[in-house]
Amino acid sequence: MTTLASFSTRATARQAHLRILETTDLHAHAMAYDYFADRPSQTVGLSRVASLIKAAREEAANTLLFDNGDLLQGNPMGDYIAYERGVTDDAPHPMIAAMNTVGFDAATIGNHDFNYGVDYLRDCLSAASFDVVLANIATRQGPEPGADETLFKPYALLDREVIDGSGARHALRVGVIGLTPPQVMAWDRRHLEGRVTARDIIDTAEALVPRMRAEGAGLVVALSHSGIGSAERVPGSEHASVPLAAVPGIDVILTGHTHQLFPSRNFIGVPETDAARGLIHGKPAVMAGFWGSHLGVIDLLLERDGDSWSVADSHVETRPIARRNPDRSVTALVPDCAQVTSAVAQAHAETLDYIRRPIGHSDVTLQSYFALVSHDPSARVVSDAQRWYVERQLAGSDFAQLPLLSAAASFKAGGRGGPEYYTDVSAGSVALHHLADLYLYPNMLRAVKITGAELRGWLERSAGLFRQITPGEPDQALIDPEFPSYNFDAIDGISYRIDLSQPSRFTAYGVLRDATASRIVDLTYQGAPVADDMVFVVATNSYRASGGGEFPGASQDNIVYAAPDTNRDVLVRYFVEQGQVRPVHPPNWSFVPMPATSVLFDSSPAASAYLDSVEGLRIEPAGDGEPGFARFRIRL
């Protein structure tokens with residue numbers, strides 16, 4: 001395998017070493033601080049990544065730095081700026097101020113950047129000293145992508161100089177195109193409908209990359225805020241980075257959106273990818289984690305032939321800001337960058353004041369350590385608040401007599417977020433940052449009308465979280481690591497059991513796998529079996545109600561109530577009006593018993609303190625799990 005050292009030493013007068021750096025999915029983590037827990041963090045922050053960027057630049061004569069989207073939303077700082085302080089010429093968004101300080105060359109727009117609306121997004125990015133590119137979101141759609149009027153310019157041509165192996169300088173025009181999931185039209189319909197339209201990622205790239213080449217781009221970099229999924233070209237795909245890499249004329253792929261690392265063992269066996277060398281369709285590609293956990297580094301050995309350049313070789317890696325030790329502690333590998341912390345110091349101080357406002361009281365600890373194996377109190381309080389709100393809003397309407405249910409998922413349940421990524425709000429006074437911890441996203445509250453058959457399908461989709469379990473075998477892995485916890489909805493107001501011996505009806509991403517598969521059994525409402533033709537109203541969020549996660553019945557056409565409030569605002573109002581809450585109810589779902597069968601799952605080491613609080617399950621410690629996690633056993 002080619003190494004960085006060989007790039008630097010073997011480059012000739014016809015060759016140049018160019019280093020491309022990537023951040024992605026920063027989600028408003030400008031500082032190395034966990035606003036949900038209200039304490040410093042060693043594992044997040046552009047302030048830490050900036051130190052890696054500085055070191056990486058010192059190692060190479062030619063560098064470019066790009067961000068791959070999801071900048072503005074994701075923690076209480078993002079919410080505070082959007083909802084309270086706003087942005088002005090004198091007070092730009094702290095993420096933009098920090099990125100200007102670091103010196104980015106270009107960035108694209110992620111799906112979550114639309115969460116606060118188009119006007120706010122434009123206002124925030126108007127202060128950027130770097131190019132912002134996005135090709136597949138149009139304010140006016142033409143007959144083909146090249147004729148669209150786009151919300152941001154579709155691509156940028158960066159004129160740079162590179163120094164070759166002999167020390168001579170050469171002009172290099174780098175084309176940078178930005179692309180985001182077209183699903184934003186459903187996920188943020190309230191902000192985008194009637195204002196913009198979205199195109200397929202591959203169609204857009206195929207139309208515009210030749211134009212970039214014709215305009216002199218010697219190297220084309222795709223900023224793909226899209227995951228690494230199927231190699232097949234699927235119209236409107238959310239995870240399109242693999243077929244995107246096959247588009248002629250693209251040289252480098254920067255990926256993101258799914259909060260993973262590439263190259264890594266997680267992608268071993270994925271068609272058309274080299275998970276060791278960081279190649280997709282033979283082209284260098286990188287995905288640098290999330291929240292500033294890593295810096296993506298692609299080293300290119302460029303070769304010149306006349307006035308044109310080509311990629312002769314590449315080396316790809318991700319560099320972490322912290323290391324997890326065998327004893328589960330975390331060691332920072334780099335310090336904060338003083339220029340970044342200075343640029344966001346005022347916004348950070350204001351955010352701390354914002355998150356510490358008290359708003360209510362909880363009689364129980366709101367924790368999510370067992371959210372994936374039992375309906376936990378952290379999701380239950382969200383579900384209670386949604387049901388409370390919708391019931392009041394539907395009073396006197398045609399829907400008031402229908403059974404009212406509430407669907408909620410735990411957003412913080414470990415997984416890719418790590419062993420600290422759980423909710424743990426101690427019983428007692430509850431502050432605003434605690435509720436931001438319970439509900440991470442600025443979704444709007446929605447209510448949908450569904451049938452009993454769709455309700456069963458909704459639950460079958462959620463039950464895809466679990467692997468199929470063989471009766472009579474010990475210590476089988478329970479959780480499918482590809483299934484995001486935010487798609488594991490538990491639904492209150494009904495009772496049901498999950499038969500783990502049966503196959504899942506859906507894949508982890510919601511694609512129908514087997515229409516006859518059925519894990520949901522004993523589904524009842526008020527003690528009576530749920531019939532397919534029964535009708536229910538389900539309180540949920542705008543992401544789910546607009547089709548997010550591909551849940552049966554959860555669609556725009558089925559919405560019967562669209563609240564003007566976010567789910568988090570509803571949660572705040574619920575605490576304020578109730579004063580004191582106690583989200584403790586008998587479990588309404590469970591696993592079908594399997595004699596002589598046990599399963600294993602990972603959670604935080606802190607979960608051990610709450611083993612006795614889980615009703616209806618026999619959970620016991622089972623040693624260490626993945627790095628930093630503790631492992632637990634359930635005897636079914």
Side-chain angles (χ1 to χ4, degrees), residues 25 27 29 31-45 48-49 74-75 258-261 264-266 288-294 318-334 365-374 376-379 409-426 433-434 436-438 440 465-467 475 477-488 599-614 617 619-634:
D25 296 273
H27 284 286
H29 287 82
M31 297 284 285
Y33 201 87
D34 182 345
Y35 294 106
F36 300 119
D38 197 3
R39 62 176 179 239
S41 172
Q42 306 290 356
T43 61
V44 304
R48 296 293 171 90
V49 184
N75 69 15
T258 57
H259 293 200
Q260 295 177 282
L261 294 175
S264 75
R265 64 180 184 177
N266 293 338
F290 61 101
W291 303 350
S293 64
H294 293 72
T318 57
R319 298 183 178 182
I321 64 170
R323 179 185 68 244
R324 191 166 298 281
N325 303 312
D327 65 356
R328 297 174 178 159
S329 64
V330 176
T331 299
L333 299 178
V334 287
T365 296
L366 304 174
Q367 49 82 18
S368 64
Y369 297 123
F370 300 108
L372 303 186
V373 297
S374 176
D376 69 295
S378 70
S410 179
F411 299 130
K412 296 181 67 178
R416 294 171 187 164
E420 291 83 27
Y421 194 57
Y422 293 88
T423 293
D424 190 340
V425 179
S426 298
H433 73 91
H434 294 135
D437 193 22
L438 287 166
L440 304 183
L465 168 75
F466 306 111
R467 296 178 184 269
D475 291 357
L478 176 62
I479 306 297
D480 179 353
E482 293 300 310
F483 194 106
S485 69
Y486 58 76
N487 278 338
F488 181 60
V599 292
L600 300 174
F601 69 97
D602 289 354
S603 186
S604 166
S608 295
Y610 299 97
L611 286 172
D612 294 339
S613 69
V614 184
L617 279 181
I619 304 179
E620 61 191 40
D624 291 333
E626 292 295 314
F629 285 89
R631 186 152 291 170
F632 294 89
R633 177 183 294 110
I634 299 175

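- Note that NE2 of His259 and CG of Asp25 are 3.5 Å apart. Values are rounded to the nearest 0.5 Å.
- At least one side-chain heavy atom of Tyr486 sits under 4.5 Å from a side-chain heavy atom of Pro484.
- Proximity of the aromatic rings of Phe466 and Phe488 is defined here by a centroid distance below 6.0 angstrom, and this criterion is met.
- Scored by the side-chain hydrogen bond (donor to acceptor under 3.5 Å, both in side chains) test, Tyr610 finds Asp424 as partners (sequence neighbours excluded).
- By the 4.5 Å heavy-atom criterion applied to side chains, Glu420 and Gln42 are not counted as neighbours.
- Between Arg467 and Leu478, the closest side-chain pair of non-hydrogen atoms is not below 4.5 Å.
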- List the steps, then state whether side chain to side chain contact (heavy atoms under 4.5 Å, CB included) holds for Phe601 with Val373. CA-CA 9 Å; Phe601 69 97; Val373 297; 4.0 Å; yes
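- Contacts of Asp480 classified as salt bridge (Lys or Arg N to Asp or Glu O under 4.0 Å), with partners at least two apart in sequence or in another chain: none.
- The main-chain N or O of Thr258 is found under 3.5 Å from a side-chain atom of Arg416 such that the two form a donor-acceptor pair.
- Partner of Ser368 under the side-chain contact (heavy atoms from CB on, under 4.5 Å) criterion, chosen from Ser603, Pro377, Ser410: Ser410.
- In terms of modelled atom types and a separation under 3.5 Å, the side chain of Asn325 and the main chain of Asp327 share no donor-acceptor contact.
- With hydrogens and angles ignored, the 3.5 Å screen pairs no side-chain donor or acceptor of Asp475 with any backbone N or O of Val599.
- Residues His29 and Asn75 form a side-chain contact, since some pair of their non-hydrogen atoms from C-beta on lies under 4.5 Å apart.
- Without hydrogens or angle criteria, Ser604 side chain to Ala606 main chain gives a donor-acceptor distance under 3.5 Å.
- Judged by distance alone, with hydrogens and angles left aside, the side-chain atoms of Thr423 form no donor-acceptor pair with the main-chain N or O of Lys412 at under 3.5 Å.
- In this structure, CG in Asp602 is found 6.5 Å from CZ in Phe629, a value given to the nearest 0.5 Å.
- Considering only heavy atoms from C-beta on, Ser613 comes within 4.5 Å of Gln367 through its side chain.
- Using a 4.5 Å heavy-atom threshold, the side chains of Val425 and Thr365 count as separate.
- Closest heavy-atom contact between Ala409 and Ser485: CB-O, 3.8 Å.
- When each of Ile619, Leu617, Ile634 is tested with Phe370 by the rule side-chain contact (heavy atoms from CB on, under 4.5 Å), just one qualifies, namely Ile619.
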- Message: Is there a side chain to side chain contact (heavy atoms under 4.5 Å, CB included) between Trp291 and Tyr421? Walk through the geometry before answering.
- Response: CA-CA 12 Å; Trp291 303 350; Tyr421 194 57; 2.9 Å; yes
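- Once rounded to the nearest 0.5 Å, the distance linking OG of Ser426 with NE2 of His434 reads 7.0 Å.
- The ring of Tyr422 has its center closer than 6.0 angstrom to the ring center of Tyr369.
- Here the side chain of Ser41 pairs a donor or acceptor atom with the backbone of Thr43 at under 3.5 angstrom.
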- Task: Just do the side-chain hydrogen bond (donor to acceptor under 3.5 Å, both in side chains) check on Tyr33 and Asp38 with the steps written out, would you?
- Result: CA-CA 7 Å; Tyr33 201 87; Asp38 197 3; 2.6 Å; yes
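- Judged by distance alone, with hydrogens and angles left aside, the side-chain atoms of His433 form a donor-acceptor pair with the main-chain N or O of Phe36 at under 3.5 Å.
- Leu261 approaches Gly289 most closely through the heavy-atom pair CD2-N, 3.4 Å.
- The pair Glu626-Arg324 fails the salt-bridge criterion, with no side-chain N (NZ, NE, NH1 or NH2) lying under 4.0 Å from an Asp/Glu carboxylate O.
- The minimum heavy-atom distance between Ala622 and Leu600, with the atom names listed, is CB-CD2, 3.9 Å.
- No side-chain heavy atom of Ile321 sits less than 4.5 Å from a side-chain heavy atom of Leu333.
- Across all non-hydrogen atoms, the minimal contact from Phe411 to Leu438 is CD1-O, 4.0 Å.
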